[in-house]
Protein chains: 2
Amino acid sequence: MSKQPLSFQPGHNHDRCIHEALHKARTLCSERKQRLTPIRELVLQLIWQSHKPLGAYELLPALADAGFNSAPPTVYRALDFLQAQGLVHRIASLNAFIGCPHPGPAHQGCFLICRSCSCTVELESAPVQNAIHNSAAHLGFVIEQETVEVVGLCPNCQQSDANSLQREAE
Amino acid sequence: MSKQPLSFQPGHNHDRCIHEALHKARTLCSERKQRLTPIRELVLQLIWQSHKPLGAYELLPALADAGFNSAPPTVYRALDFLQAQGLVHRIASLNAFIGCPHPGPAHQGCFLICRSCSCTVELESAPVQNAIHNSAAHLGFVIEQETVEVVGLCPNCQQSDANSLQREAE
DNA sequence: ACAATTTAAGTTATACTATAACAAAACATA
DNA sequence: TATGTTTTGTTATAGTATAACTTAAATTGT
Ligand SMILES: [Zn+2]
Ligand SMILES: [Zn+2]
Ligand SMILES: [Zn+2]
Ligand SMILES: [Zn+2]
């Protein structure tokens, strides 16, 4: 079996994920002379509280707790900024947002989303990209933006899913 | 140049597209002993008025004109049925729906969506599917549902886009 | 044909997601 | 410090989708 991405490793050191994400964000914004304001950094940190996509409205209570305004525009503005900087991606099929594990080079992710635990992996996916580009090129279509979102069962949940089906059968 | 799908052929006989879509729908529903009621058939016909994805709320006025109830649940129920029968697909990135040009065998489309004219092609896309399946299999992820939506410029609009950029430059 | 059951449609209300528009505050630059 | 720019606060509203219950129509079995 190949090495699993951290998203699919329940016991991994997630504090490290958070720390690295924030560190990369600070570095990138600094390089680009973009302002990673307290609200923006907090939203990024909240997005990284897990490897599960979060809806914008799920972030509002935490923003309020931290003493910020927590009307929808606040969180959407922060998310817009983070998306523009490539620090988070939007998952269209879930109306939700997830942190990008390798921000920097502009890219659009290819996401594997577990319908049971919600844990989501962002693939590099060169073969997928190539296949799409070839198909598009064949029709003379010029690609500007790609959305690739795959829902299913992660390795961990296949086990629990089998277990619960078995329990039902008993 | 390869043969373009009808979606990207402005002058094609679209009445034929509509007629074929309705014919296939009647046949499939009949075979499956599913009821293609007047509302459902009308919604399918409205969806097929073009090759552009349409939002649910864009269908409501036409439903009212035809003398049906036109509250949101009416159109969403019809769309749910049509999706379940594989007669229409939902485009998650647009919150919109489009007719399936080859209903019957269960499948999830790979869509090329023109951001200028909205015309949308559903590809067969075996290579794309394979690439996704390989990547997923490599991680032990079991696929249940795929969303592949590509936004860009269709061959026709590349021309007009170039023209308008040129006009701006003058 | 009739009653019982299932499926679909009508209706009202509401949840969820996202943005418009304008005012106030903070920041950057000179 | 004065000036222009960017960010945040605030209120309102647009856009998308579903819950819950009622009525009507179609299907099934007798
Ligand atoms: Zn982690
Ligand atoms: Zn990414
Ligand atoms: Zn057509
Ligand atoms: Zn299709």
Side-chain angles (χ1 to χ4, degrees), chain A residues 25-26 29-47 52-85 87-98 118 147 149, chain B residues 25-26 29-47 52-85 87-98 118 147 149:
Chain A
R26 289 186 200 107
C29 289
S30 169
E31 284 171 8
R32 296 170 180 168
K33 305 212 190 321
Q34 295 292 313
R35 292 165 57 194
L36 189 61
T37 63
I39 288 186
R40 290 166 176 175
E41 186 168 323
L42 174 55
V43 168
L44 182 60
Q45 186 186 321
L46 292 169
I47 284 288
K52 309 170 201 273
L54 277 181
Y57 281 73
E58 297 180 84
L59 302 169
L60 289 176
L63 246 68
D65 289 349
F68 292 104
N69 173 33
S70 69
T74 301
V75 70
Y76 279 104
R77 283 166 183 156
L79 289 169
D80 285 348
F81 172 85
L82 295 170
Q83 278 183 269
Q85 297 305 317
L87 298 168
V88 310
H89 296 288
R90 181 167 188 272
I91 307 293
S93 59
L94 298 178
N95 294 327
F97 302 84
I98 191 161
S118 296
T147 300
E149 299 168 7
Chain B
R26 289 186 200 109
C29 288
S30 169
E31 283 170 9
R32 296 169 180 167
K33 307 217 190 318
Q34 295 291 315
R35 294 166 53 195
L36 188 62
T37 63
I39 288 186
R40 290 165 176 174
E41 186 169 322
L42 174 55
V43 168
L44 182 60
Q45 186 186 321
L46 291 169
I47 284 288
K52 310 169 199 274
L54 276 182
Y57 280 74
E58 296 180 84
L59 302 171
L60 289 177
L63 247 67
D65 289 349
F68 292 105
N69 174 33
S70 68
T74 301
V75 69
Y76 278 104
R77 283 168 183 154
L79 289 169
D80 286 347
F81 171 86
L82 295 171
Q83 278 184 270
Q85 297 305 318
L87 298 168
V88 309
H89 297 288
R90 180 167 187 273
I91 307 293
S93 59
L94 298 179
N95 295 328
F97 302 84
I98 192 162
S118 297
T147 300
E149 299 167 8

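Numbers restart at 1 for each chain; the letters A, B, ... are given by sequence-line order, proteins then strands. This one's a predicted model, so the numbers in the text were calculated from it and none came from an experiment.
Atoms CD1 and CG, on I47(B) and L59(B) in that order, are 4.5 Å from each other to the nearest 0.5 Å.
Looking only at side-chain heavy atoms (C-beta outward), N95(A) and R90(A) come within less than 4.5 Å of each other.
Across all their heavy atoms, R40(A) and L82(A) have their closest contact at O-CD1, 3.8 Å. In terms of heavy-atom proximity, A96(B) sits nearest to P53(B) at CB-CB, 3.6 Å. Scanning all heavy atoms of the two residues, the minimum distance from Q34(B) to F81(B) falls at OE1-CE1, 3.8 Å. Between L63(B) and S70(B), the shortest heavy-atom distance links the atoms CB-CB, 4.3 Å. In plain terms, the two heavy atoms of L46(A) and L54(A) that are nearest each other are O-CD1, 3.6 Å. Across all their heavy atoms, S93(A) and T147(B) have their closest contact at CB-OG1, 4.3 Å.
In this structure, E58(A) atom CD and dA18(C) atom C1' are separated by 15 Å, rounded to whole Å.
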Exercise. Between protein and nucleotides 8-17 of chain C, map the contacts as a letter string: B base, S sugar-phosphate only, - none, heavy atoms under 4.0 Å, written 5' to 3'.
Key: SBBBB----B
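Reading DNA chain D from its 5' end, the first and the last nucleotide to sit under 4.0 Å from a heavy atom of chain B are dT16(D) to dA26(D).
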